[in-house]
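What follows is a short report on a single structure.
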Amino acid sequence: MKQILVTGGAGFIGSHLCERLLNDGNAVICLDNFYSGSKKNIWHLIGHPGFEVVRHDVTESYRAEVDEIYNLACPASPVYYQYDPIQTTKTSVFGTFNMLGLAKRTKARILQASTSEVYGDPVCHPQNEGYWGNVNPIGVRSCYDEGKRCAESLCFDYQRIHDVDVKVIRIFNTYGPRMAVNDGRVVSNFVVQALRGDDITIYGDGSQTRSFQFVSDLIEGMIRMMATPKGFSGPVNIGNPGEFTMLELAEKVLAKVGSKSKLVFKPIPEDDPKMRQPDITVAREKLGWEPKVSLDEGLDEVISYYRDELNIK
Ligand code: NAD
Ligand code: UDP
């Protein structure tokens with residue numbers, strides 16, 4: 001039985017990962033400061049003999065004996081990460097530094113949850129791992145984008161200098177059950193607004209694109225990346241290449257919910273990337289992985305999840 005540390009384990013993705021790792025027969029330490037995560041996400045796991053929860057901030061060092069570390073701690077929604085941007089940078093940089101130190105001491109393998117945001121507002125489309133990105137280093141998204149870029153840099157330095165077995169994945173927009181109702185990201189916003197009959201808030205003219213991945217596909221990609229041999233560190237894009245404009249997403253959600261909500265157009269947030277689509281050639285070749293869940297199937301699942309959450313029949 002492996003002892004696995006999941007930082008950010010009470011968050012949206014972290015809670016699905018903890019569940020999968022426990023189901024696979026591992027012991028899991030879920031470490032979280034509950035900044036954007038919630039006990040509700042992991043309530044169903046409490047009492048499992050292999051499950052442990054630790055309230056801790058990754059910006060402080062942490063000691064435990066572990067075999068693997070999944071470093072997910074970091075708010076991911078622009079609303080949350082821009083609320084306290086200095087803490088966001090500290091979380092990515094000091095948090096990753098602390099987890100790499102733990103990996104070095106315990107000789108644990110560590111997977112860093114990086115992001116498509118390292119590509120910024122890309123001029124290369126679709127984005128492959130060789131693209132260095134187009135990131136504003138001083139804008140409102142920099143705390144997240146540059147924090148994650150610095151975290152990647154730390155990972156590769158710990159590999160070169162200390163021979164730490166690092167694995168870096170770049171996650172593209174992921175959605176699914178357990179994203180908080182007030183998370184602020186686009187899929188949860190649109191579905192919740194459509195179910196409540198509220199206006200659908202399109203930022204800008206809605207022509208910007210994103211590629212949406214269902215959470216179960218991401219979890220499979222994470223597990224496969226962690227299982228790759230030592231020496232393979234990535235980075236590897238994990239995302240669904242299906243690309244949609246925000247207007248297309250809004251229309252799909254309205255049609256599926258059967259909602260009469262109106263589209264309202266709001267100002268585009270600063271440095272909002274105009275397009276995003278993963279090139280997943282490396283994931284296909286090195287992990288034998290590709291996404292299985294289409295946006296239509298995934299949306300049906302999240303709509304039914306939020307219907308229950310909001311008690312809307
Ligand atoms: P989330 O906000 O639901 O989860 C993040 C978790 O980290 C929360 O439980 C939060 O409380 C915890 N956390 C934040 N700061 C912490 C700190 N200082 N110490 C300890 N815990 C802390 O977001 P998510 O969507 O589940 O994202 C998880 C990870 O995946 C993040 O690292 C994020 O950058 C990355 N990621 C997510 C997406 C996506 O689309 N969901 C895309 C790219 C990358
Ligand atoms: N967006 C939107 N309405 C919303 C929330 C987001 O139009 O209520 C847009 C946002 O401007 C961006 C895209 O949806 O272009 C994805 O935003 P999200 O916050 O989900 O993630 P991002 O990829 O920007 O980090």
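Since we're looking at a predicted model, the values are computed, not measured. Just so you know, ligand 1 is whichever comes first in the structure, and atom 1 is the first atom listed for that ligand.
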Point to revise | Any K90 heavy atom less than 4.0 Å from ligand 1 | key: no
Review point. Hey, is N173 touching ligand 2 through its side chain, its backbone, both or neither, going by heavy atoms under 4.0 Å?
Key: side chain
Review point. Is it the side chain, the backbone, both or neither of K266 that has a heavy atom closer than 4.0 Å to ligand 2?
Key: neither
Review point. Is the closest heavy-atom distance from G9 to ligand 1 below 4.0 Å?
Key: no
Review point. Just heavy atoms, cut-off under 4.0 Å: does Y144 contact ligand 1 by side chain, backbone, both, or neither?
Key: side chain
Exercise for review: Measure the distances from the heavy atoms of E117 to every atom of ligand 2 and state whether one is below 4.0 angstrom.
Suggested key: yes
**Study point:** Close approach, Y80 and ligand 1, non-hydrogen under 4.0 angstrom
**Key:** no
**Study point:** Nearest neighbour in protein (non-hydrogen) for atom 15 (O) of ligand 2
**Key:** D272 OD1, 2.6 Å
Study note, to complete from the structure: Judged by heavy atoms only, the candidate from K39, Q213, R185, M179 nearest atom 25 (O) of ligand 1 is R185
Review point. Can you tell which part of Q87 has a heavy atom less than 4.0 Å from ligand 1: side chain, backbone, both or neither?
Key: side chain
Exercise for review: Considering only NZ, NE, NH1 and NH2 on the basic side and carboxylate oxygens on the acidic side, decide whether D165 and K107 come within less than 4.0 Å.
Suggested key: no
Point to revise | Location of contacts on S114 toward ligand 1, heavy atoms closer than 4.0 Å | key: backbone
Study note, to complete from the structure: Closest to atom 20 (O) of ligand 2 by heavy-atom distance, out of I200, V186, T209, is V186
Exercise for review: Say whether N128 and T281, considering side chains only, have a donor N or O and an acceptor N or O under 3.5 Å apart.
Suggested key: no
**Study point:** N173 heavy atom under 4.0 Å from ligand 1
**Key:** yes
Practice item. Would you mind listing which atoms of ligand 2 come within a distance below 4.0 Å of any non-hydrogen atom of R141? Key: 22 (P), 24 (O), 25 (O)
Check your understanding: Would you call the rings of F12 and H16 parallel, tilted or perpendicular if under 30° counts as parallel and over 60° as perpendicular?
Key -> perpendicular
Check your understanding: Got a sec: does the OH of Y83 have more than 12 other heavy atoms crowding it under 6.0 Å?
Key -> no
